[in-house]
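Taking it in order: structure first as structure tokens, then the write-up.
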Amino acid sequence: MALTGRAALLAALGSLPVGIWEPSWTGILAVNAPLVVACACDFALAAPVRRLGLTRSGDTSVRLGDTADVTLTIINPSRRPLRARLRDAWPPSSWQPGTETTASRHRLTVPPGERRRVTTRLRPTRRGDRQADRITIRSYGPLGLFSRQGTHRAPWTVRVLPPFTSRKHLPSKLARLRELDGRTSVLTRGEGTEFDSLREYVPGDDTRSIDWRATARQSAVAVRTWRPERDRHILLVLDTGRTSAGRVGDAPRLDASMDAALLLAALASRAGDRVDLLAYDRKVRALVQGRTAGDVLPSLVNAMATLEPELVETDARGLTATALRTSPRRSLIVLLTTLDAAPIEEGLLPVLAQLTQRHTVLLASVADPHITEMAKARGNVDAVYEAAAAAQAQSERHRIAEQLRRHGVTVVDATPDDLAPALADAYLALKAAGRL
């Protein structure tokens with residue numbers, strides 16, 4: 001089998017007759033001179049790296065868990081062909097563990113004066129902005145004995161958005177919303193509903209809905225029908241303090257709260273309500289206001305993408321004051337925070353009356369499903385102690401929830417998988433009761 005390239009050269013050099021080995025400079029130069037010449041020629045024929053032109057194109061955003069393709073165009077302005085290996089460096093969280101080596105390295109050949117494209121496929125493991133790092137290119141000569149190496153920068157940013165896994169619950173919640181609007185079932189009545197139309201009385205109707213003036217003008221008893229009010233204001237408040245950093249399963253509590261907020265925002269915007277977002281710990285981390293129904297969800301997703309838990313205690317007074325400034329009119333304030341005793345009793349409860357006297361307040365908290373599993377544990381001494389600790393933790397959360405309910409707050413306490421649909425159900429229940 002014929003040898004080519006570097007293998008053929010080394011085989012030829014190895015077969016040179018050198019006679020009896022003598023450790024002399026003359027012998028060394030006689031043997032290595034052809035190799036030195038070959039390496040020098042190989043180096044000279046390698047395309048220069050510094051003069052290469054590089055540009056990027058491709059995806060600028062991706063949902064967490066999906067893939068993004070970023071294309072790198074390499075332009076070779078020299079008169080020599082480029083035979084190269086290329087490494088397109090990105091932060092470690094841009095790939096699944098163990099896949100960075102194969103995903104970021106490319107081989108390519110670019111003829112003189114032409115261009116070629118390589119595509120780097122990212123699969124980020126964390127939310128936020130992922131920015132491209134250096135591009136390292138190693139250019140080889142035709143024999144592959146010597147190479148030129150250099151680095152370039154071609155800035156590019158890919159924003160990793162929240163995955164919005166609770167989107168699957170939206171169709172069922174919209175079906176319930178249509179029922180509330182009276183499209184598929186009997187309309188409801190409450191103090192926060194709007195007059196819709198008149199119809200004939202049927203047994204079981206609320207007698208308060210009878211329109212006596214309309215009844216006097218006709219032979220049948222007429223009743224008013226009602227529909228839930230639209231154009232209500234909803235303020236989603238994300239607590240980004242230290243308690244939001246606690247991990248439940250594989251993700252921080254903040255991620256589950258954001259997922260629930262997105263489902264509620266999608267549902268409320270379909271219901272004709274206005275949705276704003278406030279993320280706060282000791283200062284405002286994100287604020288989205290005044291978006292139209294079609295633009296509110298993309299705006300919220302984009303604002304949430306870069307949010308990270310801050311390892312500081314949330315300033316409840318500052319949060320309350322900011323929420324009141326953001327919502328001067330009566331609104332539904334949805335507070336996504338913890339049900340831990342200390343932050344609620346020492347932080348939120350002393351200032352809660354400022355919110356409840358002007359607004360309807362709904363508090364949603366992420367529960368740890370591991371606590372429920374621990375409470376069921378039996379069989380040995382350790383399991384019994386774990387069950388006792390879990391029961392105490394559950395009892396404490398129930399006590400805090402009852403305190404909040406006595407102050408007029410609607411409380412939703414659910415595991416990460418159940419929090420989003422439970423929060424949507426609570427919103428629909430408030431809307432059906434006319435409390436918005």
Side-chain angles (χ1 to χ4, degrees), residues 4-10 32 35-161 302 305-308:
T4 59
R6 188 190 315 179
L9 177 64
L10 294 178
N32 292 314
L35 180 59
V36 172
V37 172
C39 290
C41 293
D42 203 43
F43 178 77
L45 293 174
V49 174
R50 306 261 178 210
R51 294 172 54 194
L52 297 175
L54 292 97
T55 59
R56 289 190 186 273
S57 60
D59 296 329
T60 56
S61 64
V62 61
R63 288 195 180 278
L64 184 64
D66 293 343
T67 58
D69 290 337
V70 179
T71 300
L72 184 65
T73 302
I74 301 94
I75 305 169
N76 180 16
S78 71
R79 297 181 179 180
R80 285 167 278 177
L82 173 68
R83 309 170 186 86
R85 293 182 180 180
L86 180 148
R87 179 176 182 263
D88 188 7
W90 290 75
S93 58
S94 301
W95 289 280
Q96 296 291 330
T99 63
E100 187 271 342
T101 301
T102 56
S104 65
R105 288 167 169 76
H106 308 275
R107 288 177 178 267
L108 71 155
T109 300
V110 185
E114 296 188 14
R115 66 184 64 195
R116 292 291 185 271
R117 294 183 177 88
V118 295
T119 299
T120 300
R121 175 158 291 181
L122 309 178
R123 193 180 181 90
T125 58
R126 292 180 58 188
R127 287 181 296 99
D129 289 340
R130 297 292 170 268
Q131 297 180 344
D133 202 347
R134 293 174 296 179
I135 302 165
T136 304
I137 301 177
R138 183 173 294 174
S139 172
Y140 291 90
L143 299 176
L145 296 175
F146 254 80
S147 64
R148 303 170 184 261
Q149 180 169 308
T151 60
H152 292 262
R153 289 190 180 274
W156 194 260
T157 301
V158 175
R159 173 156 290 188
V160 187
L161 308 174
N302 192 58
T306 57
L307 288 179
E308 294 292 343

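This one's a predicted model, so the numbers in the text were calculated from it and none came from an experiment. In this chain, numbering begins with 1 at the start of the sequence shown. Worth knowing before you read on, the calculation uses all heavy atoms, side chains too, and leaves out hydrogens, waters and symmetry mates.
With respect to V158, the side chain to side chain contact (heavy atoms under 4.5 Å, CB included) criterion is satisfied by exactly one of D69, V62, D59: V62. Tested against T157, the residues T60, D129, V70 include a single side chain to side chain contact (heavy atoms under 4.5 Å, CB included) partner, D129.
When all heavy atoms are compared, the tightest approach of V160 to R126 is CG1-O, 3.2 Å. Residues E308 and R127 approach most closely at OE2-O, 4.0 Å, considering heavy atoms. Pairing each heavy atom of L82 with each of N76, the nearest pair is N-ND2, 3.5 Å. Between V49 and R148, the shortest heavy-atom distance links the atoms CG2-O, 3.6 Å. For the residue pair D66 and P124, the shortest heavy atom distance occurs at O-CD, 3.7 Å. What you find for L161 and A305 is that their closest heavy atoms are CD2-CB, 3.8 Å.
Checked by atom type and distance alone, the side chain of T119 never pairs as donor or acceptor with a backbone atom of T71 at under 3.5 Å. With R85 contributing its side chain and H106 its backbone, the two residues share no donor-acceptor pair below 3.5 Å.
Residues D88 and V118 are not in side-chain contact: their nearest non-hydrogen atoms beyond the backbone lie 4.5 Å or more apart. For the pair R159/T306, a side-chain contact is recorded, criterion being any heavy-atom separation below 4.5 Å from C-beta on. Looking at I135 and R56, their side chains come closer than 4.5 Å, going by heavy atoms from C-beta outward. Between P112 and P81, the closest side-chain pair of non-hydrogen atoms falls below 4.5 Å. Using a 4.5 Å heavy-atom cutoff, the side chains of R130 and L122 are not in contact. Contact annotation: the side chain of P77 approaches that of L52 to within less than 4.5 Å [non-hydrogen atoms, C-beta and beyond]. Put simply, the side chain of Q131 does not reach to within 4.5 Å of the side chain of P155, judged on heavy atoms.
Counted by atom type alone, R51 and S78 present zero donor-acceptor pairs between their side chains at under 3.5 Å.
R123 CZ to T67 OG1: the interatomic distance, rounded to the nearest 0.5 Å, is 6.5 Å. With rounding to the nearest 0.5 Å, the separation of OH in Y140 from CD in Q149 is 8.0 Å. Rounding to the nearest 0.5 angstrom, the gap separating the CZ atom in R138 from the CG atom in L86 is 11.5 Å. Summarising the geometry, atom OG belonging to S139 is positioned 9.5 Å from atom CG belonging to L108; distances are rounded to the nearest 0.5 Å. Considering OG1 of T136 and NE2 of H152, their distance stands at 9.5 Å, rounded to 0.5 Å. Here OG of S94 is found 9.5 Å from CG of D133. Values are rounded to the nearest 0.5 Å.
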Handout entry: Check against side-chain contact (heavy atoms from CB on, under 4.5 Å), T120 and L72
Key = CA-CA 8 Å; T120 300; L72 184 65; 5.8 Å; no
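Annotation: salt bridge (Lys or Arg N to Asp or Glu O under 4.0 Å) contacts involving residues 91-107, sequence neighbours excluded, comprise R87-E100, E100-R105.
Within a 6.0 Å radius of CZ in R80, more than 12 heavy atoms belonging to other residues, nucleotides or ligands are found.
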